[in-house]
There are 4 protein chains.
Amino acid sequence: MVEHLTADKRTLILQTTLDLMTEYGFHATPISLIAQHAGIGAGTIYRYFDNKEHLINELFTEIKKRVIKAMLQDYREEGTFKERFKHLWKNLIRYCIDHPKEFQFVEQYRYAPFVSNMTREETFIILAPIMQFFIESKRAKAMKDLPLYTIIALLYGPIVSLAKLHLDHNQQLTNDRLEQAAEACWDAVAYKSEE
Amino acid sequence: MVEHLTADKRTLILQTTLDLMTEYGFHATPISLIAQHAGIGAGTIYRYFDNKEHLINELFTEIKKRVIKAMLQDYREEGTFKERFKHLWKNLIRYCIDHPKEFQFVEQYRYAPFVSNMTREETFIILAPIMQFFIESKRAKAMKDLPLYTIIALLYGPIVSLAKLHLDHNQQLTNDRLEQAAEACWDAVAYKSEE
Amino acid sequence: MVEHLTADKRTLILQTTLDLMTEYGFHATPISLIAQHAGIGAGTIYRYFDNKEHLINELFTEIKKRVIKAMLQDYREEGTFKERFKHLWKNLIRYCIDHPKEFQFVEQYRYAPFVSNMTREETFIILAPIMQFFIESKRAKAMKDLPLYTIIALLYGPIVSLAKLHLDHNQQLTNDRLEQAAEACWDAVAYKSEE
Amino acid sequence: MVEHLTADKRTLILQTTLDLMTEYGFHATPISLIAQHAGIGAGTIYRYFDNKEHLINELFTEIKKRVIKAMLQDYREEGTFKERFKHLWKNLIRYCIDHPKEFQFVEQYRYAPFVSNMTREETFIILAPIMQFFIESKRAKAMKDLPLYTIIALLYGPIVSLAKLHLDHNQQLTNDRLEQAAEACWDAVAYKSEE
DNA sequence: AATGAATGAGATTTCATTCAT
DNA sequence: GATGAATGAAATCTCATTCAT
């Protein structure tokens with residue numbers, strides 16, 4: 001029971017931080033405000049996180065893990081490459097759209113100097129299955145023979161842009177539109193047998 | 001003459017701010033540091049900008065204008081739609097890569113709450129020629145009949161991603177790779193007569 | 001039995017406090033650190049001491065008692081005044097050198113405002129035998145007719161200085177040197193029949 | 001004029017700190033209190049001192065310099081060794097008595113962990129003339145052949161003790177008593193031709 | 001116009017103490 | 001009796017902004 005409450009308090013702090021940081025930004029979100037909104041003492045936050053920077057980093061890392069997990073949800077290494085691609089792609093953008101605060105938070109602090117990036121190795125390990133998929137797709141001549149980084153940019157870039165436009169301009173991203181966009185993304189990387 | 005000196009000092013402040021903010025981030029860039037690096041008094045900055053927030057906004061707006069200008073550089077409304085697209089697209093990514101600080105600054109603070117979004121109208125006016133180009137391309141069945149926002153995302157998203165990967169991971173973006181990527185982007189939006 | 005365990009825990013707290021305070025100083029020795037090093041809960045300390053200030057004071061008083069006791073160790077009111085003096089003097093400096101933490105603690109916090117001075121009466125009662133010895137020495141024309149406070153200063157002052165120099169500069173205080181110093185101290189207060 | 005005011009403000013901060021620290025101690029003397037008593041803003045203190053620790057250290061160093069200067073006041077390398085000794089000794093204790101706050105401050109924080117001791121070299125350079133005097137006195141068989149550290153302890157120790165007793169117990173230290181004590185101190189270190 | 005010393009509000013963080021378990 | 005999670009008052013320190021020069 002106590003275990004449970006403790007876990008809840010950590011989660012509570014992270015969730016409150018996410019809510020306030022996406023609304024007000026890092027500057028306008030003092031620890032005292034987080035404590036107040038979470039209904040706890042300011043000092044309590046320091047029992048769970050060393051300092052504000054660590055709190056942000058933990059939140060960052062947690063969200064990244066959730067995003068990766070969501071992207072791989074129900075993913076099976078079967079079906080055509082295109083089908084598999086669209087599954088991953090839609091999983092990802094759907095999560096971004098369904099969790100706007102997490103998406104906004106990651107995008108906003110992605111390059112902030114106080115966010116210690118996961119090491120390149122960490123990122124590679126986590127994204128290994130995806131990378132593997134791209135490599136196989138290229139080998140099978142399902143995808144163009146483009147550098148991995150170019151492929152990532154061609155597929156991930158539009159997700160970020162679409163999600164941002166969605167958030168900024170209240171554009172409705174219906175399933176049809178997502179389907180269209182996924183198709184277009186595939187066209188960008190799909191192997192073209194004859195020109 | 002005084003006008004001229006004044007303009008210089010304003011530019012100096014903006015440039016120094018850009019340098020420091022991209023290196024240290026918003027937090028670690030107090031007004032006093034900007035003043036010191038610019039070789040002027042802290043109070044002087046307040047003769048050119050109302051406060052720190054306005055300074056950031058002005059810098060933001062200036063950079064945006066430069067980006068738009070760079071994108072339209074040497075653009076002529078002639079040639080095929082594909083050629084015209086690739087001209088715009090390459091102009092844009094080239095500017096991002098050649099001006100990493102400006103790119104990083106805009107990306108980093110794009111969604112910070114203290115950056116007042118340009119009104120939608122402003123954006124539309126500035127981007128009108130581009131939008132017009134997309135509309136014409138669709139009408140001419142050179143581009144797929146996708147929503148404007150989807151088209152923007154499909155073309156602009158990869159630019160941001162590629163530039164970030166370039167900056168983060170020191171990937172060389174040779175002209176060949178840019179050409180490849182531009183081709184792929186076009187494939188994403190290009191009209192496909194038969195499937 | 002419970003009494004016994006209780007006494008042990010009290011002693012444990014005092015000893016741990018002494019260790020940490022001499023190493024890190026008052027500031028860097030929070031109650032939580034004492035508890036941690038003592039292997040007990042922070043709250044437990046408050047069952048033995050009203051608050052941090054009282055804890056320090058208790059430690060202070062305990063050490064003072066030990067110092068007095070050590071000084072009077074094996075002291076007999078027989079032999080010449082000089083012999084009796086040297087016995088007391090050597091006992092005292094030996095204790096300071098053999099218990100550097102206690103010495104350092106008392107010296108460091110002797111004049112700190114949060115240490116409530118023992119009342120003058122307390123000090124007089126505890127030091128009564130010593131004072132009595134000085135009075136007798138003066139009456140017997142073994143010591144100069146100096147005010148008591150001057151005598152104390154002439155004899156106690158060098159002990160503190162020697163012990164500090166010993167601790168600070170790692171000077172070896174051999175028995176020979178202590179003997180020398182004791183002799184010199186006696187010269188300071190010894191009655192001089194003719195000048 | 002501005003120069004003068006600036007110097008005054010630094011001095012004002014140091015003096016106010018000395019007053020409050022000797023009265024309330026380090027803990028009970030927050031920066032805000034110093035600022036308030038000095039009639040300045042709290043932030044202003046940080047223009048003159050990096051942080052609280054540096055402030056204390058500066059105060060410490062300044063006082064030490066004043067003490068050394070006072071001790072050497074009107075000192076001439078002429079007259080008998082005893083006369084010269086008594087001049088130095090009286091200068092020193094007189095300064096301690098006349099500047100009780102400075103004396104108390106130095107004694108109180110002498111061994112606090114946050115006080116960075118002057119390096120041994122610094123101390124040696126400053127005290128070189130004194131040391132030289134002791135060495136000459138020994139060579140001339142005016143002083144006993146004791147280790148330097150023992151001599152220092154025999155002469156400096158009583159000064160500290162007397163000054164403390166004076167401060168603590170409001171003992172009047174008349175010139176007669178100082179003269180007595182100086183004589184006694186000299187007896188401690190004076191060469192004894194025959195025993 | 002330019003300066004930069006001074007300000008003080010407000011941020012982060014610590015830690016003595018309490019109290020439910 | 002013992003614990004240690006939680007508290008929140010209070011400390012240190014920063015920095016956007018002002019204003020006398």
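Computed from a prediction, not measured in an experiment: that's the story for all the values here. So that the names make sense, note that chain A is the first sequence line, chain B the second, and so on, each numbered from 1.
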- Item | Pairwise 5' ranking along DNA chain F for D/Glu53 and B/Glu53, keeping only the more 5' one | D/Glu53
- Query: Between C/Lys52 and E/dC15, does any side-chain N or O lie under 4.0 Å from OP1 or OP2?
  - Reply: no
- Task: Check the distance between F/dT12's C1' and D/His27's NE2 and give it to me in whole angstrom.
- Result: 14 Å
- Message: Using whole Å, what does the distance between atom C1' of nucleotide E/dA16 and atom CG of C/Leu20 come to?
- Response: 16 Å
- Message: Side chain of C/Ala42 only, heavy atoms from C-beta on: which candidate in F/dC15, F/dA2, F/dG4 is closest?
- Response: F/dG4
- Message: Please determine whether a side-chain nitrogen or oxygen atom of B/Ser32 lies at a distance below 4.0 Å from atom OP1 or OP2 of F/dC15.
- Response: no
- Message: How many whole angstroms separate atom CD1 of B/Ile56 from atom C1' of F/dT17?
- Response: 15 Å
- Item | Between E/dT3 (P) and B/Arg47 (CZ): distance, integer Å | 11 Å
- If each of A/Asn51 and C/Ile31 is mapped to the nucleotide of DNA chain E with the nearest heavy atom, which maps nearer the 5' terminus, i.e. the 5' end? A/Asn51
- Message: Looking at C/Phe26, I'd like to know if the NZ or CZ of C/Lys52 sits under 6.0 Å from its six-membered ring centre while staying within 45 degrees of the ring's axis.
- Response: yes
- Query: Given that both distances must come in under 3.5 Å, which nucleotide forms a Watson-Crick or G-U wobble pair with E/dT21?
  - Reply: F/dA2
- Task: Choose from E/dA11, E/dA6, E/dT3 the nucleotide whose nearest atom is closest to any side-chain atom of D/Tyr48.
- Result: E/dA6
- Would D/His54 and D/Asn51 count as having a side-chain donor-acceptor pair, cut-off 3.5 Å? yes
- From the candidates E/dT18, F/dA6, F/dT17, the one with an atom nearest any side-chain atom of B/Tyr46 is F/dT17
- Check whether any side-chain heavy atom of C/Ile40 sits under 4.5 Å from a side-chain heavy atom of C/Ile13, and report yes or no. yes
- With the side chain defined as heavy atoms from C-beta on, A/Lys9 is closest, among E/dA6, F/dA6, F/dC15, to F/dA6
- Query: Is it true that A/Arg10 and A/Glu62 make a salt bridge, defined as a side-chain N closer than 4.0 Å to a carboxylate O?
  - Reply: yes
- Rounded off to whole Å, could you give me the CZ-to-P distance for the D/Phe26 and E/dT14 pair? 16 Å
- Rounded to whole Å, CD1 of A/Ile13 lies from P of E/dT13 at a distance of 14 Å
- Watson-Crick or G-U wobble partner for F/dG8, using a 3.5 Å limit on both distances? E/dC15
- Task: Could you check how far CG of A/Asp50 sits from C1' of E/dT13, rounded to whole Å?
- Result: 12 Å
- Query: When you match B/Gly43 and C/Ile45 each to their closest nucleotide on DNA chain F, which lands nearer the 5' end?
  - Reply: C/Ile45
- Message: Pick the closest DNA chain E nucleotide for A/Thr29 and for D/Gly39 by heavy atoms, then say which residue is nearer the 5' end.
- Response: D/Gly39
- Query: For B/Leu55 and F/dC15, what is the distance between atoms CG and C1' respectively, to the nearest whole Å?
  - Reply: 15 Å
- Query: Have C/Glu53 and C/Asn57 got a donor and an acceptor in their side chains that come within less than 3.5 Å?
  - Reply: no
